There are 2 protein chains.
Amino acid sequence: MAKPKLDDVARVAGVSPTTVSRVLNNRGYISQATRDRVQQAMAEINYRPNAIARSLQESKSHVIGLVFPSVANPFYGELAFRIESKLADHDYKVVLCNSQDHPETEARYLDMLLANQVDGVITGAHSDVVANAPYLAAPLVTIDREETGRYPNIRCDNVDGARQATRALLEGGARRVVHFTSRISDHNLRQRGYRQVIAEAGLQPEVVELGFDTPPEEHRAHIYAYLEQHPDIDAVFASNDSYATMAVQWAYKTGKAVPGDFQVVGFDGTPTVRSLLPHLATVVQPLDAIAEQAVTHLLRLIEQQADPAACAGKTEVLPVTLHRGATLR
Amino acid sequence: MAKPKLDDVARVAGVSPTTVSRVLNNRGYISQATRDRVQQAMAEINYRPNAIARSLQESKSHVIGLVFPSVANPFYGELAFRIESKLADHDYKVVLCNSQDHPETEARYLDMLLANQVDGVITGAHSDVVANAPYLAAPLVTIDREETGRYPNIRCDNVDGARQATRALLEGGARRVVHFTSRISDHNLRQRGYRQVIAEAGLQPEVVELGFDTPPEEHRAHIYAYLEQHPDIDAVFASNDSYATMAVQWAYKTGKAVPGDFQVVGFDGTPTVRSLLPHLATVVQPLDAIAEQAVTHLLRLIEQQADPAACAGKTEVLPVTLHRGATLR
DNA sequence: ATGAAAGCGCTAACAG
DNA sequence: CTGTTAGCGCTTTCAT
């Protein structure tokens with residue numbers, strides 16, 4: 001037989017649909033007797049309310065869209081896990097979207113999410129489509145981006161992290177520190193921190209761009225080749241732990257002593273990477289705080305219907321910590 | 001102003017809602033002139049169909065529930081990424097659920113998903129709630145479980161992987177191979193493969209249970225303590241790469257030569273781990289094939305309304321490959 | 001080729 | 001305390 005609906009419960013219990021709805025939502029006055037009869041009827045026919053019909057009625061889906069480059073990347077995987085868990089505590093579901101940093105993919109996902117009447121969106125995508133979309137129908141919070149002036153942004157203190165990392169390398173005696181990054185940009189805050197400290201030390205910055213959507217093995221080849229060609233580089237500050245690990249592996253392969261001859265610091269420091277590679281020095285992002293803030297901000301926007309314009313450019317910058325591991329002198 | 005609805009388009013275009021619906025879905029006959037007028041009206045008021053209303057009407061949500069222990073774990077993160085991408089190609093959305101292997105959490109998620117009228121469920125959860133639920137309203141496919149007899153299961157060849165790993169350790173000269181696993185069980189196929197090869201070699205199996213929902217650092221402590229107390233262990237077969245890495249780290253710390261004095265093989269071999277730790281020997285699961293099969297099976301169940309009973313116990317066992325790395329002699 | 005009316009499953013006025 | 005009625009936004013008979 002077909003799925004029982006509210007009307008079926010009403011019929012079995014011998015009451016009106018309204019009454020059933022009332023006991024379901026615990027609204028209004030109902031006699032204990034009726035309540036019991038209704039509940040019994042529900043149990044009897046194994047009734048489950050249809051959330052879609054409800055959503056249509058209240059024009060609220062209780063769904064949040066999560067747009068990330070890819071949860072295959074532990075940084076986003078960890079974040080997605082935390083965000084989903086926290087949202088679940090508030091009875092929100094999460095629709096997962098892996099944009100792979102393709103602008104068109106991102107745009108398609110955004111469209112899809114809006115068509116699905118999501119109550120909000122959290123995005124950590126790199127491309128600019130989502131974060132620069134004109135004001136959306138749903139509240140949106142971005143993670144780890146430069147300010148857009150449009151949507152709130154939650155991120156760690158990238159400049160400070162980069163400064164700490166670079167300074168630590170110099171204090172360890174590095175004379176030539178290269179910075180590997182995905183994309184060169186003046187807005188890139190990790191790059192900015194690196195450049196600051198390098199300049200303060202009277203050195204020349206050396207930033208190598210590895211590209212976003214190229215496969216990991218190309219990054220590796222690029223890193224190896226660069227280090228090969230510049231043998232007097234004695235330190236690497238990488239904009240993520242994957243690049244950092246590749247640099248360390250190159251050093252091992254080449255027979256360089258780490259951190260004796262060659263120091264490395266990465267960025268992100270997810271639990272996954274720190275457990276797998278405890279010796280890797282890295283700037284640790286406060287994943288939990290980021291997730292917490294993103295969720296809190298979004299829910300505030302959704303629930304108290306805070307004025308989006310007011311929260312527009314709001315940014316939350318969370319502190320990082322340097323994990324010194326054993327690739328730093 | 002409020003979101004434009006289909007009726008608004010109809011009014012602007014000077015036609016009936018039915019006609020608008022027709023051009024929207026490309027159904028029935030409509031004159032080119034009308035079609036154009038309607039499309040223009042849509043563009044004019046920036047109309048987007050409401051997917052929720054549609055879902056209610058067609059009683060089909062185009063949503064798949066994905067229940068995993070946690071996408072913070074690269075194995076599930078990678079799988080989630082692939083599954084979501086493949087489902088997106090077929091216009092299905094994914095609702096993400098991290099059950100953390102808590103049976104009650106899993107049960108709650110399942111309830112939620114059914115209330116939300118998902119068209120199907122894919123689960124890789126360890127606990128038995130989902131996989132042993134009585135026949136559900138929606139098709140369900142499980143990943144990496146023993147057969148339930150109820151739902152189709154997609155998995156890699158755990159027995160073969162374990163056999164290959166254990167055999168490789170023995171061929172490398174190991175005399176005492178311990179197996180670290182999450183949970184001891186006769187149904188555990190990796191354990192079974194290990195025991196088979198150990199028995200064939202006339203040795204005693206040695207299986208250590210580390211527990212599922214304990215934090216990683218407890219696993220590490222447990223592994224270190226066990227190895228400390230049994231100094232003549234010269235090889236480890238771990239049921240995942242996290243345990244394997246811990247064993248390797250213990251060996252480094254203790255000054256044992258790897259693989260000279262101490263060999264290690266893990267399991268899973270996700271791209272993440274292989275990139276971070278290329279030297280770790282591990283049984284590589286065919287992630288892409290697993291995702292592909294899971295999606296294909298599920299869509300088949302959903303779309304051609306294949307008889308669930310027919311597909312019930314169906315299992316798909318995919319081949320693994322041993323990555324020898326450098327922790328294996 | 002187009003429209004009127006009914007209904008997907010539920011909730012919210014408004015009565016009583 | 002409970003029921004009647006209308007409607008969320010869309011699709012779908014059934015007419016015309």
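All values below come from the heavy atoms of this structure, side chains included, with hydrogens, waters and symmetry mates left out. It should be emphasised that the depicted structure is a prediction, and the values quoted were computed from it without experimental measurement. Proteins get letters first, then strands, A, B, ... in listed order; numbering begins at 1 in each.
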Chemist: Can you name the residues that form a side-chain contact (heavy atoms from CB on, under 4.5 Å) with B:Val129, not counting sequence neighbours?
Modeler: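 Partners of B:Val129 by the side-chain contact (heavy atoms from CB on, under 4.5 Å) criterion, ordered by chain and then number, come out as B:Pro103, B:Glu106, B:Ala107, B:Ser127.
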Chemist: With heavy atoms of chain A within less than 4.0 Å as the criterion, where does contact along DNA chain D begin and end?
Modeler: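 Here the contact window of chain A covers D:dC1 to D:dG9.
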Chemist: If I take atom CG in residue A:Leu6 and atom P in nucleotide C:dA12, what distance separates them, rounded to the nearest angstrom?
Modeler: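 Going from CG in A:Leu6 over to P in C:dA12 covers 12 Å.
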Chemist: When we call it a touch if two heavy atoms are under 4.0 Å apart, what does A:Val20 touch: a base, just sugar-phosphate, or nothing?
Modeler: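 No contact at all - A:Val20 keeps every heavy atom at 4.0 Å or more from the nucleic acid.
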Chemist: Does a donor on one side chain sit under 3.5 Å from an acceptor on the other, for A:Gln117 and A:Ser55?
Modeler: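 Checked: A:Gln117/A:Ser55 side chains show no N/O donor-acceptor pair below 3.5 Å.
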Chemist: Can you list everything that forms a side-chain contact (heavy atoms from CB on, under 4.5 Å) with B:Ser31? Sequence neighbours excluded, please.
Modeler: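 B:Ala33, B:Thr34.
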Chemist: Suppose we screen for salt bridge (charged side-chain N to carboxylate O under 4.0 Å, His left out). Which residues come up paired with A:Asp101, at least two apart in sequence or across chains?
Modeler: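 A:Asp101: no salt bridge (charged side-chain N to carboxylate O under 4.0 Å, His left out) contacts found.
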Chemist: Taking ring-ring contact (aromatic ring centres under 6.0 Å, His included) as the definition, give me every residue that meets it alongside A:Tyr92, ordered by chain and number, with sequence neighbours left out.
Modeler: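 ring-ring contact (aromatic ring centres under 6.0 Å, His included) check on A:Tyr92 returns A:His62.
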Chemist: Which part of the nucleic acid does A:Ser55 contact within heavy-atom distance under 4.0 Å: base, sugar-phosphate only, or nothing?
Modeler: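 The residue A:Ser55 makes no contact with any strand.
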Chemist: What pairs with A:Glu292 under salt bridge (charged side-chain N to carboxylate O under 4.0 Å, His left out), at least two apart in sequence or on another chain?
Modeler: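 For A:Glu292 the salt bridge (charged side-chain N to carboxylate O under 4.0 Å, His left out) partners, ignoring immediate neighbours, are A:Lys86.
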Chemist: Who are the side-chain contact (heavy atoms from CB on, under 4.5 Å) partners of A:Gln32, not counting sequence neighbours?
Modeler: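 For A:Gln32, the residues satisfying side-chain contact (heavy atoms from CB on, under 4.5 Å) (neighbours in sequence not counted) are A:Arg35, A:Asp36.
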Chemist: Could you give the side-chain donor-acceptor pairs of residues 63-70 of chain B under 3.5 Å, partners two or more places apart or in another chain?
Modeler:
residue	atom	partner	partner atom	Å
B:Ser70	OG	B:Ala72	N	3.0

Chemist: Return the polar atom pairs (N/O with N/O) between nucleotides 14-16 of chain C and the protein under 3.5 Å, or none.
Modeler:
none

Chemist: Five pairs at each end of the helix from C:dA1-D:dT16 to C:dG16-D:dC1: take the axis at both ends and give me the angle between them to 10°.
Modeler: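 Answer for the end axes of this duplex: 40°.
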Chemist: Tell me the ring-ring contact (aromatic ring centres under 6.0 Å, His included) pairs involving residues 103-131 of chain B, sequence neighbours left out?
Modeler: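 Applying ring-ring contact (aromatic ring centres under 6.0 Å, His included) to every pair that reaches into residues 103-131 of chain B, excluding sequence neighbours, yields B:His126-B:Phe212.
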Chemist: Are any protein N/O atoms closer than 3.5 Å to N/O atoms in nucleotides 5-8 of chain C? If there are, list each pair with its distance.
Modeler:
residue	atom	partner	partner atom	Å
C:dG7	N2	B:Gln57	OE1	2.7

Chemist: Mind calculating the distance between CG (A:Asp8) and P (C:dG9) to the nearest angstrom?
Modeler: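 Nearest whole value for this atom pair: 9 Å.
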Chemist: With nearest nucleotides of DNA chain C determined for A:Asn25 and B:Ile30 from heavy-atom distances, which residue corresponds to the more 5′ nucleotide?
Modeler: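 Result of the comparison: B:Ile30.
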Chemist: Whole angstrom is fine here: how far is it from NZ in A:Lys60 over to C1' in C:dT11?
Modeler: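 It works out to 16 Å between those atoms.
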